[in-house]
Protein chains: 2
Amino acid sequence: MATIGDVARVAGVSRSTASYALSGKRAISEDVRRRVKDAVRELGYTPNAGARALATSQTMVIGLLAQFLEDEFAPAMLQYMLGVSNTARELGYDILLSTEADGRNALRRMTDSRMVDGIVLLNVAEDDDRLPILRDAPQPGALVGLPADCSGVEVFDLDFEEAGRTMVEHLHRLGHRELVLVSQPEHVVERGGAYVWRLQNAALAEARARGITLHAVFGPAQQPEVGRALHGLLDAHPDATGLLINNEAAAAALPTVLHERRLTAPADLSVVGRYSDEFARTFSLPYSSIESAPDRLGRMAVRELVRRIEGQVGPDEPHVVRFVSPELVDRGSTGAPRGD
Amino acid sequence: MATIGDVARVAGVSRSTASYALSGKRAISEDVRRRVKDAVRELGYTPNAGARALATSQTMVIGLLAQFLEDEFAPAMLQYMLGVSNTARELGYDILLSTEADGRNALRRMTDSRMVDGIVLLNVAEDDDRLPILRDAPQPGALVGLPADCSGVEVFDLDFEEAGRTMVEHLHRLGHRELVLVSQPEHVVERGGAYVWRLQNAALAEARARGITLHAVFGPAQQPEVGRALHGLLDAHPDATGLLINNEAAAAALPTVLHERRLTAPADLSVVGRYSDEFARTFSLPYSSIESAPDRLGRMAVRELVRRIEGQVGPDEPHVVRFVSPELVDRGSTGAPRGD
DNA sequence: GAACGTCGTCGAACCGGTTCGAAACGACGC
DNA sequence: GCGTCGTTTCGAACCGGTTCGACGACGTTC
């Protein structure tokens, strides 16, 4: 494999001159620059990434930590990963991926050994045990998900409070007076999935403010339990006319459940979920939903991370905490309640 | 950040001695070894990955190329990625992920700049344009998917011929005489997805040999087209009693279609698919299926790749081409045809 | 007591880049 | 003819590890 020494020899210059000719960091005569570039082409030279990283202490790699925890709906996670990965590439960075269950271990390895210039954490819990490590690390970090303590990192998340309010408001306006909200399983919440609380509490408050009833329940995240749970739920609340779903597995299982009960949306029941458009297409879900925008969040996280890495924003400048406003995508699954 | 020089100074030895004390590649007195280890702990020393890669020309990183092409069913791809990633970690390797549409570009970058010790290619087409680049690369490569030319790389794939035969045999034995096979969209085949052909041709041959009818059709891979296509298919072949599905999107859409037609499996129609158990759970598919074993294939690819990387198998020893035998997972969706 | 082997350690070189300071060179003004 | 300046190039040092050859100390052996 050709090194810059080979290039220099072929071009008849010193190694440093070859380096400058390629980087353009010093003035180089047109003649020499051409000779160096020709030599590069002739030898098929590509700089050695390790050597460059050593010399510049820049790896041009971003670490991506994605934990696939129990009851995490994998296809949903994938979309965040793709948003991160594709954006990183556009900005000239590669992705070092860890899917290790022990995220702390992976994080330490990546940061301590200087394999990456920055870190993106997916699926961040309220009291995420990876955060103290990330804060101590010399590399900047960006999160998708809202922890209790946002200091020292860039944070991006959907505005789940607004999402909860929007869902309730939307159905109330259509005339619904009794709603059911299906959240993620309780142990996802206990693990620190605070976004579940945020949406649920905002929805409850909004319902109270509007004087309507909202039954909030945790649904399982696995088949076939979730199907049974949905049946039980609809049995338990026969007067509910609106269904809110903040649980990917439940959303995916809903078409079958409604078919089994001979119900159609919106004629018999208005349904609104919270998942991405891509998710809706993959699972052919016909329900209106709050767009969770995973690709957009991943993209924003990487963008801001790279700005930090490249020093376009100073180390003392405040960190970003940004909430994406939820948009309701109308797929026609909501309407006036049947009784009206 | 502490370097090995710092460790050496604290321990009162030379850098080389510190290195040997840690690697164990030369005899070191118990006293010195302890002092070095203490210094490591005290300073929180972790070797710099770039420096080590430069010195040893080993990065302990494996490149993973996953292209998310049009009509590729993303959740299915994710399972291969996880198999690769998790196995790599178990063997001490990290994953450099590329999801770039232009796989050749990503491959060249990874290999030329020596960022990785080996490469795993997912979703390999019959005449995959990444293969010539991989063969020329100094790093070994492993594929998931069967190309026309297997030379110079390790190849792992499901035995799609046997899968096709098994599906037909299974339904024939139960008494079915007219079957329909839904394959991937035609342009996936044209792009080089030869596995579609392999399964289809073997199924057709097996049906012929058994004197039964098999209608093979290409199905779309997107919603809502695939649902309509399934309806059209069932309309067109009212006498078919068995349905074979080699198309993830069609499999995912089938429960709804059957509900809409008021059909249940196996009472009205026997159904057998080709997808992984994980996929079946994610989409709550109740159909018996040929297990496509993505995690196992990813695992095997990485295992063999690492054996090559670490020289446990010599450069002149022949490369592996291994087909995983398909297993039929019985989920009770097949039985004797209704007419019997 | 000289020759020899073993063990533990050190210094130096190397991996392949980048970058700083200085030197060589021609042009210019005086 | 000499000093000065700007442009272009070079040599050396450095990033942080690993590894080879050598060397000193010590214990055996004849």
Side-chain angles (χ1 to χ4, degrees), chain A residues 1-37 39-40 43-61 109-117 138-139 310, chain B residues 1-37 39-40 43-61 109-117 138-139 310:
Chain A
M1 212 73 193
T3 73
I4 202 167
D6 300 329
V7 171
R9 188 156 14 80
V10 169
V13 297
S14 73
R15 294 201 304 150
S16 54
T17 301
S19 177
Y20 284 124
L22 292 174
S23 71
K25 291 187 181 170
R26 275 197 186 175
I28 292 289
S29 71
E30 195 44 46
D31 173 47
V32 167
R33 186 195 308 282
R34 207 179 28 70
R35 264 159 43 212
V36 170
K37 297 237 161 127
V40 165
L43 296 170
Y45 166 76
T46 309
N48 179 305
R52 177 172 276 175
L54 183 55
T56 62
S57 39
Q58 275 227 16
T59 62
M60 301 307 285
V61 173
R109 192 175 59 252
M110 283 185 187
T111 58
D112 288 356
S113 65
R114 295 290 162 92
M115 307 177 85
V116 299
D117 293 338
Q139 298 94 341
E310 301 186 345
Chain B
M1 213 70 196
T3 73
I4 202 167
D6 300 328
V7 170
R9 189 159 9 82
V10 169
V13 297
S14 72
R15 295 201 303 150
S16 54
T17 301
S19 176
Y20 285 124
L22 292 174
S23 70
K25 292 189 181 171
R26 276 197 186 175
I28 292 288
S29 70
E30 195 45 46
D31 173 48
V32 168
R33 185 195 308 283
R34 206 180 26 70
R35 268 162 37 217
V36 169
K37 296 236 160 125
V40 165
L43 297 170
Y45 166 75
T46 308
N48 178 305
R52 178 172 276 177
L54 184 55
T56 62
S57 38
Q58 277 227 14
T59 62
M60 300 308 285
V61 174
R109 192 175 60 252
M110 284 185 185
T111 58
D112 287 357
S113 66
R114 295 290 162 91
M115 307 177 84
V116 298
D117 293 339
Q139 298 94 341
E310 300 186 345

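In what follows, every chain begins at residue 1, and chains take the letters A, B, ... in the order their sequences are listed. Worth saying up front: this structure is predicted, and the values here are computed from it rather than measured.
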Set of residues satisfying side-chain contact (heavy atoms from CB on, under 4.5 Å) with respect to A/R34, sequence neighbours excluded: A/D31, A/D38

Which residues share a side-chain hydrogen bond (donor to acceptor under 3.5 Å, both in side chains) with B/S16, sequence neighbours left out: B/S14

Contact nearer the 5' end of DNA chain D, comparing A/R15 with A/A27: A/A27

Every protein N/O lying under 3.5 Å from an N/O of nucleotides 21-23 of chain D:
from   : atom 1 : to    : atom 2 : distance (Å)
D/dG21 : N7     : B/R26 : NH2    : 3.2
D/dG21 : O6     : B/R26 : NH1    : 2.3
D/dG21 : O6     : B/R26 : NH2    : 3.3

Considering all heavy atoms, the nearest A/R33-A/A21 contact: NH1-O, 3.6 Å

Sugar-phosphate only, base, or nothing, as touched by B/S29 at under 4.0 Å among non-hydrogen atoms: sugar-phosphate

Pairwise distance CG(B/N48) to OG1(A/T59) - rounded to 0.5 angstrom: 10.0 Å

Check: A/I28 and A/T17 side chains under 4.5 Å, non-hydrogen atoms: yes

Sugar-phosphate only, base, or nothing, as touched by A/T56 at under 4.0 Å among non-hydrogen atoms: sugar-phosphate

Sugar-phosphate only, base, or nothing, as touched by A/T3 at under 4.0 Å among non-hydrogen atoms: sugar-phosphate

Sugar-phosphate only, base, or nothing, as touched by A/S19 at under 4.0 Å among non-hydrogen atoms: base

Residue-level proximity of residues 4-14 of chain B to DNA chain D when a heavy atom falls under 4.0 Å: B/I4

Results of side-chain hydrogen bond (donor to acceptor under 3.5 Å, both in side chains) for B/Q58 - residues two or more places apart only: none

For A/A11, all residues meeting side-chain contact (heavy atoms from CB on, under 4.5 Å), sequence neighbours excluded: A/V13, A/R35, A/V36, A/A39

For the student: nearest non-hydrogen atoms of B/V61 and B/M115, plus distance: CB-O, 3.7 Å

Residue closer to the 5' end of DNA chain C, A/G50 versus B/D31 (nearest nucleotide): B/D31

side-chain hydrogen bond (donor to acceptor under 3.5 Å, both in side chains) partners of A/R9, counting only residues at least two apart: A/D6

For A/T3 against A/Y45, the heavy-atom pair lying closest together: C-CE1, 3.6 Å

Qualifying salt bridge (charged side-chain N to carboxylate O under 4.0 Å, His left out) pairs with a residue from residues 11-28 of chain B, counting only residues at least two apart or across chains: none

Where chain A begins and ends its contact with DNA chain C, read 5' to 3' at 4.0 Å from heavy atoms: C/dG16 to C/dA22

B/A51 vs A/A55, nearer the 5' end of DNA chain C by closest nucleotide: B/A51

Angle by which the axis turns from one end of the helix from C/dG1-D/dC30 to C/dC30-D/dG1 to the other, five pairs per end, to 10 degrees: 70°

For B/D112, all residues meeting side-chain contact (heavy atoms from CB on, under 4.5 Å), sequence neighbours excluded: A/M1, A/T46, B/R108

Contacts of type side-chain contact (heavy atoms from CB on, under 4.5 Å), residue A/S19, not counting sequence neighbours: A/I4

